[in-house]
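To start, the structure itself, in structure tokens.
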Amino acid sequence: MAKITASVFTSHVPAIGAALDLGKTTEPYWQPLFAGYDYSKQWMKDNKPDVIFLVYNDHATAFSLEMIPTFAIGCADSYTPADEGWGPRPVPVVRGHPDLASHIAQSVIQDDFDLTIVNKMDVDHGLTVPLSLMCGQPSVWPCPVIPFAVNVVQYPVPSGRRCYNLGRAIRKAVETYDEPLNVHIWGTGGMSHQLQGPRAGLINREWDNAFLDRLIADPDGLASVPHIDYVREAGSEGIELVMWLIARGAMSDKAPTVKHRFYHVPASNTAVGHLILENN
Amino acid sequence: MSLDKPYLDVPGTTIFDAEQSRKGYWLNQFCMSLMKHENRERFKANERAYLDEWPMTEAQKEAALARNLNWCISLGGNIYFLAKLGATHGKSFQQMAGSMTGMTEEEYRNMMIAGGRSVEGNRVVGEDGNAQKHRQPQGTSTAQGRL
């Protein structure tokens, strides 16, 4: 049987990708941020998964206003890094895992979560920046990835509770897959940030750290926090944090082991948060 | 019965809901077209002519020509779509976000390095934080919102 052994949580700020791609990681502005992922890159080598189930949001890249699915699961063989307007990032093509992805889609839809099955899409910084942070700059990514895109761009977006319950359904789906795969689930986006209007640049260190505390120790309670609290306290784009609840919901009910925790302000407009949790 | 929209009293913030999305459909779709290199080149060669290929309102076209992101957002634009317009002009997300505050690029960057904008006074319309209407513009930029 396949098993989810760990979850990784990280922000996916596009400027982080640009800093990596342009060789700026040792500059004083970026050095403290990348230092926070030194442990993580070693941990990835020591705990290499067979598949990464990567929860992220598309930033008006694969999904224009023609259609935006609330939850979309990638079932394709591969995904090309997108041109978001600055040209595509010089990172490897992302290999998929169509068999496990289709299995999860079948199971989760029968559990009443209406996933959209996607067989063709490009992936943007929401997916590739976390891979770069955790894997560095390899010529191929270390394992296949199942992209799982959540709408957090066009309101209403799914609630924290729905995301958390969806994570539980994903856990159940993985555990009924026959092949003994080691699966990691990643929740990405956030932390506090606002990219628009006169309130742009909002950061809430205290709220972010309370979020990390509760994500570790009280995810069920955290799932009850309404959208408006995210917007008011963590900025309009801070709502991306609901996606972390999908990855957390997919973890065991037993308390996880916290392998790594990191928080840094700023990366461009954004507070960067990062956790590695292992299942017990 | 009206729908519950508890986010309308957050200062300096426009939530991109179904209503805004409807209003900004063509503005945002125009921005999406700039994900293709050849379209970016064609737009830059003659912005007005390129915009005239789209069924946008005149105000939406003027806001795009003015590179004024607050104006674009008031007409239904969303920042992730508008980012394609910013990228076409060679701007980063930090430059785009800063342009909406009235701060110079350096002032905004320094605010972020100092820990970002505080939430205090900026949770609800009517408080006295620096994102409130009566405190605009915030910095010494002379660009009048132009990116």
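This structure is a prediction, so every number in the text was calculated from the model and none was measured.
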With a 4.5 angstrom heavy-atom cut-off, which part of [X] approaches chain B: side chain, backbone, both or neither?
{"X": "Thr61(A)", "answer": "both"}
{"X": "Pro156(A)", "answer": "neither"}
{"X": "Asn204(A)", "answer": "side chain"}
{"X": "Glu66(A)", "answer": "both"}
{"X": "Leu65(A)", "answer": "both"}
{"X": "His227(A)", "answer": "neither"}

Mind listing the closest non-hydrogen atom pair of [X] and [Y] along with its distance?
{"X": "Ile15(B)", "Y": "Ser236(A)", "value": "CD1-CB, 4.1 Å"}
{"X": "Gln94(B)", "Y": "Ser268(A)", "value": "NE2-O, 3.2 Å"}
{"X": "Pro198(A)", "Y": "Ala131(B)", "value": "O-CB, 3.7 Å"}

Engaged part of [X] at the chain A interface, taking heavy atoms whose separation is under 4.5 Å:
{"X": "Ile113(B)", "answer": "both"}
{"X": "Met111(B)", "answer": "side chain"}
{"X": "Arg123(B)", "answer": "both"}
{"X": "Met32(B)", "answer": "side chain"}
{"X": "Arg135(B)", "answer": "neither"}
{"X": "Asn39(B)", "answer": "neither"}
{"X": "Met96(B)", "answer": "side chain"}
{"X": "Asn70(B)", "answer": "side chain"}
{"X": "Ser99(B)", "answer": "neither"}

> Under a 4.5 Å heavy-atom cutoff, which of Asp17(B), Val119(B), Thr101(B), Val124(B) has the most pairs with chain A?
Replying inline: Val119(B)

> For chain A, which of Lys5(B), Met103(B), His37(B), Arg109(B) has the most heavy-atom pairs under 4.5 Å?
Replying inline: Arg109(B)

> Does NZ or CZ of Arg232(A) fall inside the cone over Tyr7(B)'s six-membered ring, less than 6.0 Å from its centre and within 45° of the axis?
Replying inline: no

> Going by residue number, which parts of residues 73-86 of chain A are within reach of chain B, meaning a heavy-atom gap below 4.5 Å?
Replying inline: Asp83(A), Glu84(A), Gly85(A), Trp86(A)

State the [atom1]-[atom2] distance between [X] and [Y], to the nearest 0.5 angstrom.
{"X": "Asn269(A)", "Y": "Tyr108(B)", "atom1": "CG", "atom2": "OH", "value": "3.5 Å"}
{"X": "Gln154(A)", "Y": "Asn28(B)", "atom1": "CD", "atom2": "CG", "value": "9.0 Å"}
{"X": "Asp9(B)", "Y": "Ile228(A)", "atom1": "CG", "atom2": "CD1", "value": "6.5 Å"}

> Within the distance-only criterion (no hydrogens, no angle test), does the side chain of Arg117(B) pair as donor or acceptor with the backbone N or O of Ile203(A) below 3.5 angstrom?
Replying inline: no

> Would you find a donor on one side and an acceptor on the other, under 3.5 Å apart, between the side chain of Gln196(A) and the backbone of Asn78(B)?
Replying inline: no

>> I'd like to know if the side chain of Thr13(B) pairs up with that of Gln194(A) as donor and acceptor (distance under 3.5 Å, no hydrogens or angles considered).
In response: yes

